[in-house]
Amino acid sequence: MQERGPAHGVRPRRPGGGQAAQAGRRAEGTDRGAHRARRPDPERSADQGPGREAAAVGVPPRRGSGTPDLPLLIPGPPGGPTQRGSMADDKALTTRAADFSAWYNEVIARAQLADYSPVRGCMVIRPNGYAIWEQMQQALDRMFKDTGHQNAYFPLFIPQSFLAREAEHVEGFAPETAVVTIGGGKVLEEPLVVRPTSETIIYAMYAKWIQSWRDLPLLINQWANVVRWEMRTRLFLRTTEFLWQEGHTAHATEEEAEAETLMILGIYRRFAEEWMAMPVLTGRKSDGEKFAGALRTYAIEALMQDNKALQAGTSHNLGQNFAKAFDVTFQTADGGLGHVWNTSWGVSTRLVGGLIMTHSDDVGLVCPPRLAQYQVVIVPIYRKDEERVAVIEAAERLQQTLRAANIRVHLDARDGLKPGAKYYEWESKGAPFRLELGPRDLAAEQVMLARRTGGKEPIPMAGIGDRIHVEIDAMQQALLGAAVARREAGTIRGATREQLVEAMNGAGGFVYGGWCGDATCENDIKDQTKATIRVLPDEEFRSDPAPTRCIWCNRDAVTEAVWAKAY
RNA sequence: CGGGGCGUAGCGUAGCCUGGUAGCGCGCCUGCUUCGGGAGCAGGAGGUCGCCGGUUCAAAUCCGGCCGCCCCGACCA
């Protein structure tokens with residue numbers, strides 16, 4: 001899948017592909033059904049199906065949603081016309097079990113996160129989706145600033161010749177760049193590439209800015225859009241244009257650059273876990289999967305509910321490749337001249353897709369409270385006019401109270417919609433908490449708290465700000481815990497070749513095994529199973545005992561690897 | 001680029017075979033009654049039937065060409 005870090009560019013050398021791969025694919029398609037029921041549903045613990053939720057609230061399950069026992073992780077019937085789900089006359093979404101892809105698209109449409117653009121492959125990020133991205137930006141930006149980075153902005157257009165300066169880099173990106181050849185009605189002397197990533201333009205500038213070791217390290221990040229001409233696109237996961245941050249640093253020594261690369265990887269991991277409640281594996285990419293132009297690429301990898309992996313962020317040690325290509329030199333303390341050591345790292349709006357596929361259920365979006373646009377939505381309940389006045393007034397006071405407690409809150413005071421309709425709407429939009437406020441609650445000085453993940457109970461008005469903060473922390477933890485459990489259920493360690501093949505033909509998931517380090521095995525596995533090495537896991541994630549044999553060729557293993565089919 | 005499918009109101013669709021008033025559901029607007037889990041009634045607005053051409057008294061419908069979209073491949077990851 002594609003790297004959405006600056007990493008993005010990871011451009012594996014094209015393996016032979018061909019007949020074997022096609023045959024394998026065909027086989028997978030036809031006997032997929034046979035593997036379906038095999039695996040226990042790893043989903044159960046991770047998610048409150050609508051049935052479960054409904055039960056907790058004491059309401060009969062809605063039609064089409066009461067099938068919590070179907071295993072997920074199953075793509076829909078191959079080639080079937082499944083995604084025509086008529087959301088108009090059926091209020092339930094296509095279920096994850098029935099068709100994960102269709103479900104994903106419908107969650108986005110229902111929650112109004114994004115819409116298709118008139119330009120093929122491009123996406124309009126709607127306010128609800130952009131709000132999540134803004135929360136992500138704020139959290140990440142804080143972490144970057146706290147570690148000494150500054151923001152800057154480099155231009156969208158890059159002289160075409162710049163891309164060519166680094167051999168691997170140009171090979172990786174040339175096929176997917178958009179190129180401007182006309183400006184102001186005149187054919188340009190040199191075509192301009194719309195940046196697919198900014199290494200070249202940035203290091204060209206660094207060459208001007210860096211003279212002495214005293215100018216190092218240079219730690220810059222930019223928030224920007226980039227364009228990659230993808231053939232097949234999916235909302236948030238892979239679009240022609242997307243938003244991201246790309247950090248670019250220059251250091252005096254290789255050790256410093258490596259430390260920076262790993263430090264950022266740690267930030268990405270922390271962000272994924274603490275803010276997105278999305279557990280990730282960290283590790284290094286194989287040479288075949290690394291960024292075009294990097295020495296080493298590290299990544300965070302998450303497992304989605306359909307048991308496919310998502311590369312959620314990448315951090316590269318670029319060595320001196322770009323420094324040499326762009327002549328970024330500096331005078332050392334002892335008077336010598338050296339090339340700087342660079343890193344680059346990024347995460348993109350793809351994270352929003354990861355968020356959706358990690359937590360959401362058959363009712364719609366589930367958003368961890370720390371990233372939710374509205375952590376709390378207040379729904380007023382009333383019949384008569386007098387009640388309305390009193391309830392709305394109390395709801396506004398409640399809103400002020402929560403705001404004062406630093407909670408993002410929205411009062412849904414729309415008239416003409418019954419409360420139930422609002423409940424469903426905010427559930428599909430992923431609001432973590434709903435506070436229902438009616439005459440009975442006013443009398444009792446309480447409010448009904450309903451959690452998006454299930455459960456509803458009255459809580460006292462007094463001290464409600466503190467209570468909500470406790471609830472936010474609890475839900476954040478619960479979502480992470482459930483996602484970890486789901487990932488573990490979808491993981492096989494110490495797998496044999498047969499287990500790898502079987503897993504990739506069926507349920508998917510992370511498969512750990514030994515690897516001889518030979519690209520031939522890597523490519524054969526990819527051709528025959530569609531699985532790629534997601535990471536060579538960091539120590540914390542490695543198996544004990546370590547595998548000693550290559551999962552494919554049975555020669556001595558030089559490392560452990562994690563395979564999965566990826567987005 | 002190859003194989004398959006589809007273009008009719010914002011969304012989902014019927015009508016096409018057998019040419020003759022463009023219909024339904026959801027959504028939207030107005031009003032009244034409603035409101036503790038997807039409200040009801042009444043009245044409304046909204047359509048170059050993808051585009052161009054042909055046949056015909058008459059084309060959403062038949063014929064030809066083109067365009068676009070989706071799926072499976074290829075490509076990419």
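All chains are named by letter (A, B, ...) in the order of the sequence lines, taking the proteins before the strands, and each is independently numbered beginning at 1.
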Name every donor-acceptor pair, under 3.5 Å, that has one atom in a side chain of residues 385-395 of chain A and the other anywhere in the protein, sequence neighbours excluded.
from   : atom 1 : to     : atom 2 : distance (Å)
A:E387 : OE1    : A:R383 : N      : 2.7
A:E387 : OE1    : A:K384 : N      : 3.3

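A:W426 and A:H410 have their aromatic ring centers within a separation under 6.0 angstrom.
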> Can you check salt bridge (Lys or Arg N to Asp or Glu O under 4.0 Å) on A:E436 and A:R434, steps first, answer last?
Replying inline: CA-CA 6 Å; A:E436 308 170 8; A:R434 178 177 70 237; 3.0 Å; yes

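Among A:V376, A:T453, A:L402, the single residue meeting the side chain to side chain contact (heavy atoms under 4.5 Å, CB included) criterion with A:F433 is A:V376. When each of A:L113, A:L235, A:L237, A:T233 is paired with A:M123, the side chain to side chain contact (heavy atoms under 4.5 Å, CB included) condition holds for A:L235 and for no other.
Here A:E396 pairs with nothing under the salt bridge (charged side-chain N to carboxylate O under 4.0 Å, His left out) rule; sequence neighbours left out. Listed by chain and residue number, A:D412, A:E425 satisfy the salt bridge (charged side-chain N to carboxylate O under 4.0 Å, His left out) test with A:R414 (two or more places apart in sequence, or in another chain). Residues satisfying the salt bridge (charged side-chain N to carboxylate O under 4.0 Å, His left out) criterion with A:E241, sequence neighbours excluded, are absent altogether.
Rounded to an integer number of Å, the gap from CZ of A:R452 to C1' of B:G37 is 14 Å. Going from atom CG of A:D527 over to atom C1' of B:C75 covers 15 Å, rounded to whole Å. For the pair A:K456 NZ and B:G37 P, the computed distance is 6 Å after rounding to whole Å. Atom pair A:R414:CZ and B:A39:P shows a separation of 12 Å (rounding to whole Å applied). Atoms NZ (A:K530) and C1' (B:A74) sit 11 Å apart, rounded to a whole Å.
Taking 4.5 Å as the limit, every side-chain heavy atom of A:R228 sits out of range of all side-chain heavy atoms of A:R238.
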> Dot-bracket for RNA chain B, 5' to 3', with Watson-Crick and G-U pairs under 3.5 Å, [ ] for crossing pairs and | for other-strand pairs: what is it?
Replying inline: ((((((((.[[[[.)....(..]]]].((((((.....)))))).....[[[[[..)....]]]]])))))))....

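On a pure distance criterion of 3.5 Å, a polar donor-acceptor pair joins the side chain of A:R238 and the base of B:C76. Scanning atom types as modelled, one donor and one acceptor separated by under 3.5 angstrom connect the side chain of A:R434 and the base of B:G37.
For the P atoms, the distance linking B:U13 with B:A59 amounts to 28 Å, nearest Å. Comparing B:U48 with B:G44, their C1' atoms are spaced 23 Å from each other, to the whole Å. B:G23 and B:C49: their C1' atoms are spaced 12 Å apart (whole Å).
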Detail all sub-3.5 Å separations between protein N/O atoms and N/O atoms belonging to nucleotides 34-36 of chain B.
from  : atom 1 : to     : atom 2 : distance (Å)
B:C35 : OP1    : A:R383 : NH1    : 2.7
B:C35 : O2'    : A:Y382 : O      : 3.0
B:G36 : OP1    : A:K418 : NZ     : 3.4
B:G36 : N7     : A:R440 : NH1    : 3.4
B:G36 : O6     : A:P439 : N      : 3.1
B:G36 : O6     : A:R440 : N      : 2.7
B:G36 : N1     : A:D441 : OD2    : 2.6
B:G36 : N2     : A:D441 : OD2    : 2.9

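Contact annotation: A:R232 does not reach the phosphate of B:C70 (side-chain N/O to OP1 or OP2, under 4.0 Å).
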